[in-house]
S.K.: 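Supplied in structure tokens, the structure appears directly below.
Everything numeric in this text was worked out from a predicted model, so none of it was measured. Hydrogens, waters and symmetry mates play no part in the numbers below; they use all other heavy atoms, side chains included. Numbered from 1 within each chain, the chains take letters A, B, ... in sequence-line order.
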Amino acid sequence: MPENAPSTRVRTRFAPSPSGHLHVGGARTALFCWAYAKGRGGDFILRIEDTDQKRSSDASSMAFLEDLKWLGLQWDEGPEFNGSGGGDRGPYYQSKRLDTYKPYFQKLLDSGAAYMAFETAEELDAARATARAEKRAYRYDRASLKLDPATVEQYIREGRPYVVRFKVPDDTQLTFRDEVLGEVAVSSGEVDDFVIRKADGYPTYHFAVVVDDELMGITHVIRAQEHTNNTFKHNLIQEALGFNRPTYAHISVVTNPDGSKMSKRDKDKALRAAVREAKLDNAPEFQPGTDVTIREEEWAWWMESKDRQLNMEAVKALAEYLGVEVPEIDIDDFRRAGYLPEVMVNYLALLGWSPGENIEKFDRDFLIQRFSLDRIVKSPAKFDRDKLLAFNLDAIQAMSVEQFTDRLREHCRQFHPEFLEKLDDDAFSMLAAANHERSKTLEDPVRTCRFFVVPDDHIVYEHSKPVRKHLTGGEPSGFEHLEALAETLAELSRWTAEGLEHAISEYANVHASGKLGKVAQPLRIAVSGGTVSPPIFDTLAILGKQSTLNRINLCLAKREELSTPA
RNA sequence: GACCCCAUCGUCUAGUCAGGUCUAGGACACCAGGUUUUCAUCCUGGGAACAGGGGUUCAAAUCCCCUUGGGGUCGCCA
């Protein structure tokens, strides 16, 4: 098999189909391709495998470009997007390369390496169903190969639709060397005469991938292990066309906690199950506020088969409607959940690869320097959210307050603008600083600090036992402390965390035998509605004097109500 | 079902290719203590694995075979 000469420039590619966001598994594949090429002074190419005309191609289907960018994976060639892409070996969309494929189809047809087949999809489905019912393995029977030339010619004249199939040789061993798996072999009898050109004239994945990899000068194919068996087909086409065989590395799949393959279709799967559970027969009418609708045809189409996906907006709306959590599998899900891109990169790299030496925290540059195919683990890796979270926490703790503030501001700008609208720069900075040490994600401050951006009289007090206890318990009780504190604080001139600490600690020394907790918790409840908030002095400082006093008074006004169990 | 691939703590993994330094290392999770004005941190300690069975060898987590288990693929999807 032709090895690439050492002098050849390394070129890898990531080749997704345009179907929405980048999911975790795809992201890891892209990361490995990128790291391998970049570590060797090579090129990382992005190619869009859009040879399925049935698949929707709305704008949101290219959302993964943004995800790739967010992770910091620049592509040297491919679709142009935000500074990445371009290149002179395009177009990088397979649907725009139809003319390119034509002569290669012809070559295979002429040489007899491929042939036309006239069975319809329906006929083949039926044959497969029969085989299944009889519990035997389905094999294409090569009926069209046995047609005599005159018949074939006649069929073509009649305008019968046909596909082109590759004629797989009988009785040989097909082998290839894989950089992670080693030698992989199968006997050719296991490989069907596969379709390389669909009835609509589009190439199938197998064909397009081979032609494009050759024409784009791809030297290393790093892809998921689900493609291992396809490699034999690709090798066959390469040989028939006189192409180079690139170096292969098949990386194991990333699985869900239950061990099943993590798939971009998991969200739809979860939703379909929920729909059946809820016995929903038709597309629901969503809330008037949303402009999302699912048409009847779309609904039926989607429910019909497990490999069909709804668009992003519909997924979100339907999940909300059904009140179910769809699994977090897309890079974008983690971005929204407040994970840092560098942490995602670090964690993803650890799924199936490790640098050894007990090193597991590293950045992109380290990855580029150290990444190699021979340290890739062969077995599937479960995606462990706990560990990801722990890494995210560590990364946040390692930041300076200023860095954290900037990151949080950016996160809010994108996903929670109300925090920037309601809080001025100073208050926002204080909020960020107060949350720095207690946040595991950029979403944590947002989630636990909603009360800052709510009007004073909209505070909702939690009717729970701990709340009641902190308010009514003790001698003096929490309410009594609040009454006293309202006066003390009203007279406080230095409304800063330090000033507040001074005043409140002093109060606690005198009236609560130095037990700060006795006064901090009632205060916390009064201003936030619950028992959880940033450190109390910071909280009050951010809130400001007026809001603090308003809320204490509001809490006191609800004394009766908050003293009795709900 | 057929074929391909895989197999170290609950999880991600180091160690396997070049057998001895492995009474198997790290991280996450877990458990027990401790610090802390809440939550979250943080500190200390602890339990936790070579799937099973046969070989080969002075010696096996490491090499070979079988069994079992897991994953992947069997589309005019990619």
Side-chain angles (χ1 to χ4, degrees), chain A residues 15-17 19 49-52 54-55 94 117 119-121 124-125 128 131-132 135-139 161-165 178 180-182 184-187 189-192 194-200 202 204-206 208-209 223-232 250 252-253 255 257 259-261 307-308 347 350-361 374-375 377-391 393 397 435 437-440 444 448 466 470 501 504-505 508 515-521 523-525 528 530-537 539:
Chain A
S17 59
S19 55
E49 314 240 314
D50 55 348
T51 54
D52 187 358
K54 292 188 214 64
R55 238 161 231 190
Q94 291 183 329
E119 295 80 8
T120 63
L124 294 171
D125 283 346
R128 270 188 282 266
R132 210 185 144 86
K135 289 187 187 244
R136 44 184 182 80
Y138 170 76
R139 274 285 102 89
Y162 66 91
V163 300
V164 176
R165 282 181 186 267
D178 188 278
V180 351
L181 298 174
V184 185
V186 72
S187 74
E190 298 296 332
V191 183
D192 247 357
F194 53 98
V195 174
I196 57 176
R197 200 185 99 141
K198 309 177 196 181
D200 63 6
Y202 272 57
T204 60
Y205 160 76
H206 301 301
V209 91
R223 52 163 41 157
Q225 235 163 66
E226 63 207 58
H227 288 297
T228 310
N229 290 18
N230 291 333
T231 308
F232 302 112
H250 287 94
S252 68
V253 296
T255 72
S260 64
K261 183 175 95 169
D307 56 26
R308 291 173 182 169
Y347 180 72
L350 248 20
L351 245 33
W353 180 81
S354 89
E357 300 170 42
N358 285 345
I359 299 170
E360 60 173 10
K361 295 281 179 63
D374 58 2
R375 289 195 65 88
V377 173
K378 300 179 186 181
S379 39
K382 279 194 181 111
F383 190 81
D384 180 1
R385 277 144 225 259
D386 287 335
K387 186 155 181 170
L388 207 214
L389 222 211
F391 271 42
L393 163 79
Q397 299 315 321
N435 275 291
E437 282 185 31
R438 59 195 292 274
S439 297
K440 294 184 173 188
D444 280 353
T448 62
H470 283 119
E501 177 163 13
I504 295 171
S505 298
K515 290 202 173 105
L516 195 51
K518 292 284 178 209
V519 299
Q521 281 307 80
L523 270 175
R524 198 184 308 279
I525 292 165
S528 76
T531 56
V532 176
S533 89
I536 191 65
F537 310 121
T539 300

S.K.: Assign Val253(A) to base, sugar-phosphate, or nothing according to its heavy-atom contacts below 4.0 angstrom with the strands shown.
M.R.: sugar-phosphate
S.K.: As an exercise, state the distance from OG1 of Thr539(A) to CZ of Arg524(A), rounded to the nearest 0.5 Å.
M.R.: 6.0 Å
S.K.: For Leu124(A) and Arg375(A), take the nucleotide of RNA chain B holding the closest heavy atom to each; which residue's nucleotide lies nearer the 5' end?
M.R.: Arg375(A)
S.K.: In the strands shown, is G1(B) matched to any nucleotide by a Watson-Crick or G-U wobble pair with both distances under 3.5 Å, and which?
M.R.: C74(B)
S.K.: What nucleic acid atoms does Thr51(A) come within less than 4.0 Å of, heavy atoms only: base, sugar-phosphate, or nothing?
M.R.: sugar-phosphate
S.K.: What's the gap between G25(B) and U36(B) when it is taken at their C1' atoms, as a whole Å value?
M.R.: 33 Å
S.K.: Need one value for Asp386(A): base, sugar-phosphate or nothing, where a base atom within 4.0 Å counts as base even if backbone is also close, heavy atoms only.
M.R.: sugar-phosphate
S.K.: Distance between the C1' atoms of A24(B) and A49(B), in whole angstroms?
M.R.: 9 Å
S.K.: Across all strands shown, which nucleotide pairs with C50(B) by Watson-Crick or G-U wobble geometry, both distances under 3.5 Å?
M.R.: none
S.K.: When you get a sec, tell me which of C74(B), U13(B), A27(B) is the closest nucleotide to the side chain of Arg139(A)?
M.R.: C74(B)
S.K.: Please tell me which of the listed nucleotides, U37(B), A14(B), U38(B), lies nearest to the side chain of Val532(A)?
M.R.: U38(B)
S.K.: Leu181(A) has a side chain; which of C5(B), U38(B), C12(B) sits nearest to it?
M.R.: C5(B)
S.K.: For C31(B), which nucleotide in any strand shown is its Watson-Crick or wobble partner with both distances under 3.5 Å?
M.R.: G45(B)
S.K.: Mind checking the C1' distance from G55(B) to G46(B)? Whole angstroms is fine.
M.R.: 39 Å
S.K.: So what does Tyr138(A) hit on the nucleic acid, given a heavy-atom distance under 4.0 Å: a base, only sugar-phosphate, or nothing?
M.R.: sugar-phosphate
S.K.: Looking across every strand, which nucleic acid part, if any, lies under 4.0 Å from Ser379(A) by heavy atom: base, sugar-phosphate, or nothing?
M.R.: sugar-phosphate
S.K.: With the side chain of Arg438(A) defined as its heavy atoms from C-beta on, choose the nearest nucleotide among C39(B), C4(B), C76(B).
M.R.: C39(B)
S.K.: Tell me: CG of Asn230(A) to P of G72(B), nearest whole Å?
M.R.: 15 Å
S.K.: When rounded to the nearest Å, what value does the distance between P atoms of G72(B) and U13(B) take?
M.R.: 16 Å
S.K.: In the structure shown, which nucleotide is the Watson-Crick or G-U wobble counterpart of U56(B), with both distances under 3.5 Å?
M.R.: none
S.K.: Is Glu119(A) touching bases, backbone alone, or none of the nucleic acid, heavy atoms closer than 4.0 Å?
M.R.: base
S.K.: For C28(B) and U23(B), measure between their C1' atoms and round to the nearest Å.
M.R.: 25 Å
S.K.: With respect to the side chain of Asp52(A), which nucleotide from G71(B), C77(B), C12(B) is positioned closest?
M.R.: C77(B)
S.K.: For the P atoms, the ones on G19(B) and on G45(B), what distance do you get once it is rounded to whole angstrom?
M.R.: 36 Å
S.K.: Which atom names give the shortest non-hydrogen contact between Arg165(A) and Leu124(A), and what distance separates them?
M.R.: NH2-CD1, 3.4 Å
S.K.: Measure CG/Leu388(A) against P/A27(B) and give the value in whole Å, please.
M.R.: 18 Å
S.K.: Can you tell me how far P of U38(B) sits from CD of Glu501(A), to the nearest Å?
M.R.: 14 Å
S.K.: With no angle test and no hydrogens, is the base of C5(B) tied to the side chain of Lys378(A) by a donor-acceptor pair under 3.5 Å?
M.R.: no
S.K.: Taking the C1' atom in each of G20(B) and U68(B), what is the distance between them to the nearest angstrom?
M.R.: 30 Å
S.K.: Using the P atom as the point on both nucleotides, what is the distance between U56(B) and C65(B), in whole Å?
M.R.: 15 Å
S.K.: Of the listed nucleotides (U38(B), C5(B), G26(B)), which one gets closest to any side-chain atom of Thr531(A)?
M.R.: U38(B)
S.K.: So which atom in Gln94(A) and which in Ala208(A) form the shortest heavy-atom distance, rounded to 0.1 Å?
M.R.: NE2-CB, 3.3 Å
S.K.: Whole angstroms only, please: what is the CG-C1' distance between Asp125(A) and G75(B)?
M.R.: 8 Å
S.K.: Nearest-Å distance, NE2 (His227(A)) to P (G71(B))?
M.R.: 19 Å
S.K.: Between G75(B), C12(B), C77(B), which one does the side chain of Arg128(A) approach most closely?
M.R.: G75(B)
S.K.: Measure CD/Glu357(A) against P/G26(B) and give the value in whole Å, please.
M.R.: 16 Å
S.K.: Select base, sugar-phosphate, or nothing to describe what Glu360(A) touches, counting heavy atoms under 4.0 Å on all strands.
M.R.: base
S.K.: The side chain of Thr204(A) is closest to which nucleotide in this list: A78(B), C12(B), C5(B)?
M.R.: A78(B)
S.K.: Taking the side chain of Val195(A) as its heavy atoms from C-beta onward, which of C76(B), C4(B), U37(B) lies nearest to it?
M.R.: C76(B)
S.K.: Among U41(B), C76(B), C39(B), which is the nearest nucleotide to the side chain of Ala121(A)?
M.R.: C76(B)
S.K.: To the closest 0.5 Å, what do you measure between CD1 (Ile536(A)) and CD (Gln521(A))?
M.R.: 7.5 Å
S.K.: Looking at the base of A40(B), is there any donor atom on it, or on the side chain of Lys440(A), that sits under 3.5 Å from an acceptor on the other one?
M.R.: no
S.K.: How many Å lie between CG on Asn358(A) and P on C12(B), as a whole number?
M.R.: 17 Å
S.K.: Which value, rounded to the nearest 0.5 Å, describes the distance between Phe383(A) atom CZ and Leu388(A) atom CG?
M.R.: 4.5 Å
S.K.: Identify the two heavy atoms, one from Gln225(A) and one from His250(A), that lie closest to each other, and give their separation to 0.1 Å.
M.R.: NE2-O, 3.2 Å
S.K.: For the atom pair NE2 (His206(A)) and CD1 (Ile196(A)), what is the distance rounded to the nearest 0.5 Å?
M.R.: 10.5 Å
S.K.: Let's test this: given Watson-Crick or G-U wobble pairing with both distances under 3.5 Å, identify the partner of U37(B).
M.R.: none
S.K.: Which residue lies toward the 5' end of RNA chain B, Val186(A) or Ser533(A), if each is placed at its nearest nucleotide?
M.R.: Val186(A)
S.K.: Might you point out which heavy atoms bring Ser252(A) and Ser379(A) nearest each other, and give the distance in Å?
M.R.: OG-O, 2.9 Å
